[in-house]
Amino acid sequence: MTSTSKFRIRTLNAISGAGLSRLPDELYEVGGSVDDPHALLVRSAKLHDTPIEDSVLAVARAGAGTNNIPVAELTERGIPVFNTPGANANAVKELVLAGLFIASRNLIPAARFAHELPGDDAEIAQAVEAGKKQFVGFELPGRTLGVIGLGAIGVQVCNAALGLGLNVVGFDPGISVDHAWHLSAEVERASSMEEVFSRADILTVHVPLLEATRGLVSTQRIALMKDSAVLLNFARAEIVDTEAVVSALDAEALGGYVCDFPSTLVHKHPKCISLPHLGASTKEAERNCAIMAADSLRGFLEDGQVHNSVNFPEAVMARQEGTHRLVIVNRNVPNMVGQVSTIVAQHGTNIANLLNKSRGELAVTLVDVESELPPGVLDELCGIDGVLSARAV
Ligand SMILES: NC(=O)C1=CN([C@@H]2O[C@H](COP(=O)(O)OP(=O)(O)OC[C@H]3O[C@@H](n4cnc5c(N)ncnc54)[C@H](O)[C@@H]3O)[C@@H](O)[C@H]2O)C=CC1
Ligand SMILES: O=C(O)C(=O)COP(=O)(O)O
């Protein structure tokens, strides 16, 4: 980028200033009304129905879930989507623990009762004694917490719950080595999802919203749960069949539902508590997510580096003084590197360093050359069948 042409980033949600300050004014124009953006930076803004301009090179989600982003369509267009793994996991874990206590001690109706007590202090004291028995709760030690999804959040919830004296049984057929490493050995790994549903006194879900997880908490699985069990959902509304939950609550076949997603079905139900999607709303998480997302965008826009992408391969190559970098996004088909190197060689320069990484149908090729190439070379590279984009950075 020259001093007159900056990278333009359009923000579609309020992004923590700590992250925005990673995008220096001399290189970046950032804001909600930026035209022809090179990148979009969002939290939960839904992008499915928003046209994404051809100028967009990358999309970053300052957060974990990318179900608000049309990832498949962007992959097809050769546009990377970044998220911020683990950056808000502690914030969500803390709210899940709050959810446990809210449910086990009936805290929301109890606080509402206390708040609405009429009369003077003596009358209030009397009403407290008369009324508090309706809020008798239960203690956590010795009870079983079931955790579906042992990723960044699930692992932290498991480990914290052990500290509260809960027995913890978890299920995740795809747990990563990194997360497994952090999971306490005291967490029992169930052999099936159904086992977790039937054993849990409290069940919490921490999976992404995918076609495979939509409605994961279904009528059939709720039927396996204890009548007194409490369900916690701080993942996504659509992972739970809310109508099935409400039916089970009404039939006294489920004890309670605490979630982070208000809806007409849950927000008036006496056995449901919903919070306004607060899982990641701490100063610390907002900061962590914004910094990671901004850094990923910088890395890709300025150097073609790919770090923390949900659809692109990890591609990180240090830059060497005096070299010029080409960033090529291509379909993962044979002989791409051969064709790219031939074009570069035809322009009489040597390749100083080259990285080619693939993931699924896509690949990223970073080529550092010893002398600057004429602009026309990018058109030649784009002309290779299977190349989706080529730029010099
Ligand atoms: N309420 C809020 O504000 C927040 C909600 N979230 C939600 O929580 C989700 C999880 O977040 P992280 O733990 O950071 O993600 P993560 O990617 O670290 O972990 C997700 C885990 O779910 C597992 N999984 C996927 N499908 C599964 C299945 N069918 N059964 C069992 N396990 C399955 C994966 O193997 C992975 O280990 C996010 O995708 C997002 O939807 C995340 C952050 C904040
Ligand atoms: O990180 C996630 O997946 C979240 O759900 C957080 O959403 P938010 O950034 O608070 O709108």
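Every number for a ligand or one of its atoms is a count from 1 in the order of the listing. Heavy-atom basis, side chains included; hydrogens, waters and symmetry copies ignored. This structure is a prediction, so every number in the text was calculated from the model and none was measured.
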Just to be sure I read this right, does ligand 1 sit under 4.0 Å from the backbone of [X], its side chain, both, or neither, counting only heavy atoms?
{"X": "His206", "answer": "backbone"}
{"X": "Asp260", "answer": "side chain"}
{"X": "Val207", "answer": "both"}
{"X": "Thr213", "answer": "side chain"}

Touching ligand 1 at all, [X]? Heavy atoms, strictly under 4.0 Å?
{"X": "Pro85", "result": "no"}
{"X": "Ala235", "result": "yes"}
{"X": "Pro173", "result": "yes"}

Are any protein N/O atoms closer than 3.5 Å to the N/O atoms of ligand 2? If there are, list each pair with names and the distance to one decimal place.
{"unit_1": "ligand 2", "atom_1": "1 (O)", "unit_2": "Ala64", "atom_2": "N", "d": "2.7"}
{"unit_1": "ligand 2", "atom_1": "1 (O)", "unit_2": "Asn88", "atom_2": "ND2", "d": "2.8"}
{"unit_1": "ligand 2", "atom_1": "3 (O)", "unit_2": "Gly65", "atom_2": "N", "d": "2.7"}
{"unit_1": "ligand 2", "atom_1": "3 (O)", "unit_2": "Arg236", "atom_2": "NH2", "d": "2.8"}
{"unit_1": "ligand 2", "atom_1": "5 (O)", "unit_2": "Arg236", "atom_2": "NH1", "d": "2.9"}
{"unit_1": "ligand 2", "atom_1": "5 (O)", "unit_2": "Arg236", "atom_2": "NH2", "d": "3.0"}
{"unit_1": "ligand 2", "atom_1": "5 (O)", "unit_2": "His277", "atom_2": "NE2", "d": "2.8"}
{"unit_1": "ligand 2", "atom_1": "7 (O)", "unit_2": "Ser44", "atom_2": "OG", "d": "3.3"}
{"unit_1": "ligand 2", "atom_1": "7 (O)", "unit_2": "Arg61", "atom_2": "NH2", "d": "3.2"}
{"unit_1": "ligand 2", "atom_1": "7 (O)", "unit_2": "His277", "atom_2": "NE2", "d": "3.3"}
{"unit_1": "ligand 2", "atom_1": "9 (O)", "unit_2": "Arg43", "atom_2": "NE", "d": "2.8"}
{"unit_1": "ligand 2", "atom_1": "9 (O)", "unit_2": "Arg43", "atom_2": "NH2", "d": "3.4"}
{"unit_1": "ligand 2", "atom_1": "9 (O)", "unit_2": "Arg61", "atom_2": "NH1", "d": "3.0"}
{"unit_1": "ligand 2", "atom_1": "10 (O)", "unit_2": "Arg43", "atom_2": "NH2", "d": "2.8"}
{"unit_1": "ligand 2", "atom_1": "11 (O)", "unit_2": "Ser44", "atom_2": "OG", "d": "2.5"}

Requested in this report: From the options Asn67, Ile153, Val147, select the one whose nearest heavy atom is closest to atom 11 (O) of ligand 1.
Outcome: Ile153

Query raised in the report: Do Asp54 and Arg77 pass the salt bridge (Lys or Arg N to Asp or Glu O under 4.0 Å) test, and can you show the C-alpha distance, the side-chain angles, and the key distance before you say yes or no?
Result: CA-CA 9 Å; Asp54 288 342; Arg77 287 172 59 180; 3.7 Å; yes

Query raised in the report: Would you call the rings of Phe312 and Phe300 parallel, tilted or perpendicular if under 30° counts as parallel and over 60° as perpendicular?
Result: perpendicular

Query raised in the report: So His277 and Phe261, would you call those rings parallel, tilted or perpendicular, with 30° and 60° as cut-offs?
Result: tilted

Query raised in the report: Ignoring hydrogens and geometry, is there a side-chain-to-backbone donor-acceptor pair from Ser176 to His179 under 3.5 Å?
Result: yes

